[in-house]
Amino acid sequence: MAKFADTRDKSILPVDGKNLVLFHPHVPENAIDEIADTLKTRWIGQGPKVDRFETEFRDWLGSKHHPIAVGSCTDAMHLAYVLAGVQPGDEVIVPVFTCTATSIPLLYHGVKIRFADAQAGTMNIDPGHVRSLVTEKTKAIVCVHYGGLPCDMDELQAIADECGVPLIEDAAQAVGASYRGRPVGGMSDFTAFSFQAIKHITTGDGGMLMLRDPELVDKAQRIRWFGIDRKAKQGGTWANDIYEVGYKYQMTDIGAAMGLAALKTIDQSLDQRKAILATYIDGLAGIDGLEVVGANSNDRVHAAWLCTVLVDRRQDLERKLRDARIESGQVHFRNDRYSVFAPFREGELPNMNAMENRYLVLPLHTHMDVDDAKRVCDVIKSGW
Ligand SMILES: *Cc1c(COP(=O)(O)O)cnc(C)c1O
C-alpha cells in the first residue's frame, strides 16, 4: 500500500484576520450565558438540559424518531452497532471513504468490515457496490452523508430491507440535510450526529443517536450509562441490577447548554453555510479539470458542511491556495489505507482509486462569508 502524501507543507495557518482557514468552530454568543447558567446549578453532568436538548433537537429536525444524547458521534455509532446486535464474525458494509470514527467501533467487536467503494461525483457510498458485498453474514449497512450531501437512501434502504438488516447512517456532517422531503435523522433505523468542535452544532464534543424503534430506547439509555437504569436509581432504589455491558457515553449539561444555545441560531448558520457552498458551485462551474463534489443533486438538501472539489494536479492547487493565504486539505482518507484496517483490504475500489489523488476540501465555516468564497474562486480561476 502507498504511503500517505508528504504533509510537511500542510501545517495549519494561524487565525490572523488575513488567512482564510479551513475550519473554525461556530460558538454562538448566547452559549456563554447558557453555560454560565448551567455552572451555577446542581447539574453539570447529565441532567435536565440534556433531556431538553434531546427534545428540542428532535423537534428542530422535524423527526419522530427517539433521540439519545451521547458524548460523541463515535459513541452514537458504537451504540448503534451494539443495538444492531453485531457479534464477532458478522460482516458490516461501510464506506471506504469516511472519517475513521465510522468504522473503528466495529473493531471493538471483532466485526469483519467490508469496504464499499465511493460513488463518482458525490464520494458517498456506491449502492451498486454495496449490493455486490452482501452475504449471509451481513449484519448491517452503514452510510455516511459525505460533506452533508445525503446518500442514495431509497436504494440503500431497499438493499437493507432485502437482507433484513438495519441501515445505519453516520450523519456527523449532515445536520439539517434532507432526502426527497424527509429529514436525515427521521428515516432509517439508526442515525448518528456529531457535535464535535467543527461540526454544524458544537457541544465541545457530543453526539446524538436517533432511534426509529421505540422498543430500543430503554436499552439505549441504560447502556449509555454503564447498563444502569438511572431513573430507577434516582428514585432511591438499589434494587437495580446491571445485567448487560454498558459504556459511559452520556452528554453533559455543560455540552447540552451549548447545544441549546446553538439551536436558537442554527437556521441562520445553515443558511450562511449553504450560501457559501452555492457561491463555490456557481463560481467554480465550467473550469477545466475541476468539478465540485455533489453539486448536481436536486432531490436532496445538502447540509453544506464541506465543499470538496475534484481536481487535476491537486498538490499544485493546494500550494497555489496556500500562497494566497487560503487553507485547504484532504480532511479524510480512504480507511483501507490505515494499518488498523489492513485485514479488511480486498478487491479493487475503482472509483476511490480514481478520486483519491484528486479531492481537495475548501474553507467553509461561519467565520467567513460569500466574498471570501468568491476570492477563493478567483484564485482557482487564475489557474494552478
Ligand atoms: C466528525 C465525524 C465523526 C466523529 O464525530 P465525533 O463526534 O468526533 O465522534 C464521525 N463520522 C464522520 C463522518 C465525521 O465527520
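Numbering of ligands and ligand atoms starts at 1, following listing order. Reckoned from all heavy atoms, side chains included, excluding hydrogens, waters and symmetry mates.
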Which residue is it: Glu169, His65, Arg212, Gln157? I am looking for the one with a side chain to side chain contact (heavy atoms under 4.5 Å, CB included) to Met187.
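The single option meeting the side chain to side chain contact (heavy atoms under 4.5 Å, CB included) with Met187 is Glu169.
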Under 3.5 Å, N or O to N or O, is [X] touching ligand 1 that way?
| X | answer |
| --- | --- |
| Gln196 | no |
| Thr98 | no |
| Trp305 | no |
| Cys73 | yes |
| Asp205 | no |

Angle between ring planes, Tyr247 versus His78, binned at 30° and 60°: parallel, tilted or perpendicular?
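The rings of Tyr247 and His78 stand perpendicular, inter-plane angle above 60°.
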Which of the ligand 1 atoms, numbered from 1, are nearer than 4.0 Å to a heavy atom of Ala172
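Listed by number with element: 2 (C), 3 (C), 10 (C), 11 (N), 12 (C), 13 (C), 14 (C), 15 (O).
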State the atoms of ligand 1, each with its element, that fall below the 4.0 Å cut-off from a heavy-atom position in Val144.
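Near Val144, the atoms of ligand 1 are 13 (C).
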For Val111, does its backbone N or O pair with a side-chain atom of Asp90 as donor and acceptor, under 3.5 Å?
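Side chain of Asp90 to backbone of Val111, a donor-acceptor pair under 3.5 Å: no, none is there.
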Shortest protein contact, [atom] (heavy atom only):
| atom | answer |
| --- | --- |
| atom 1 (C) of ligand 1 | Lys199 NZ, 1.5 Å |
| atom 11 (N) of ligand 1 | Asp170 OD2, 2.7 Å |
| atom 9 (O) of ligand 1 | Thr74 OG1, 2.5 Å |
| atom 15 (O) of ligand 1 | Gln173 NE2, 2.7 Å |

Determine the minimum heavy-atom distance between Pro105 and His109, stating which atoms define it.
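Nearest heavy atoms, Pro105 then His109: O-CD2, 3.6 Å.
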Measure the spacing between CG of Leu317 and CG of Asp312 and express it to the nearest 0.5 Å.
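Atom-to-atom, Leu317:CG and Asp312:CG are 10.5 Å apart.
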Nearest-0.5 Å distance that lies between atom CZ in Phe115 and atom CG in Leu349
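Going from CZ on Phe115 over to CG on Leu349, the span is 9.0 Å.
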For atom 5 (O) of ligand 1, which candidate among Cys99, Ser194, Ser103, Gly71 holds the nearest heavy atom?
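The residue whose heavy atom sits nearest atom 5 (O) of ligand 1 is Ser194.
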Give the contacting part of Ala101 toward ligand 1: side chain, backbone, both or neither, where contact means a heavy-atom distance below 4.0 Å.
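The answer is the side chain of Ala101.
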Name the residue from Asp170, Thr308, Thr98 that meets the side chain to side chain donor-acceptor pair (under 3.5 Å) definition with Tyr146.
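Result for side chain to side chain donor-acceptor pair (under 3.5 Å) with Tyr146: Thr308.
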Heavy atom of Gly206, distance to ligand 1 below 4.0 Å:
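Gly206 counts as a contact of ligand 1 under the 4.0 Å cut-off.
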When you measure from the centre of the six-membered ring of Trp43, is the NZ or CZ of Lys49 closer than 6.0 Å and no more than 45° off the axis?
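No, Lys49 and Trp43 do not form such a contact.
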Answer yes if the ring centres of Tyr359 and Phe97 are under 6.0 angstrom apart, and no otherwise.
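Yes - the distance between ring centres of Tyr359 and Phe97 falls below the 6.0 Å cut-off.
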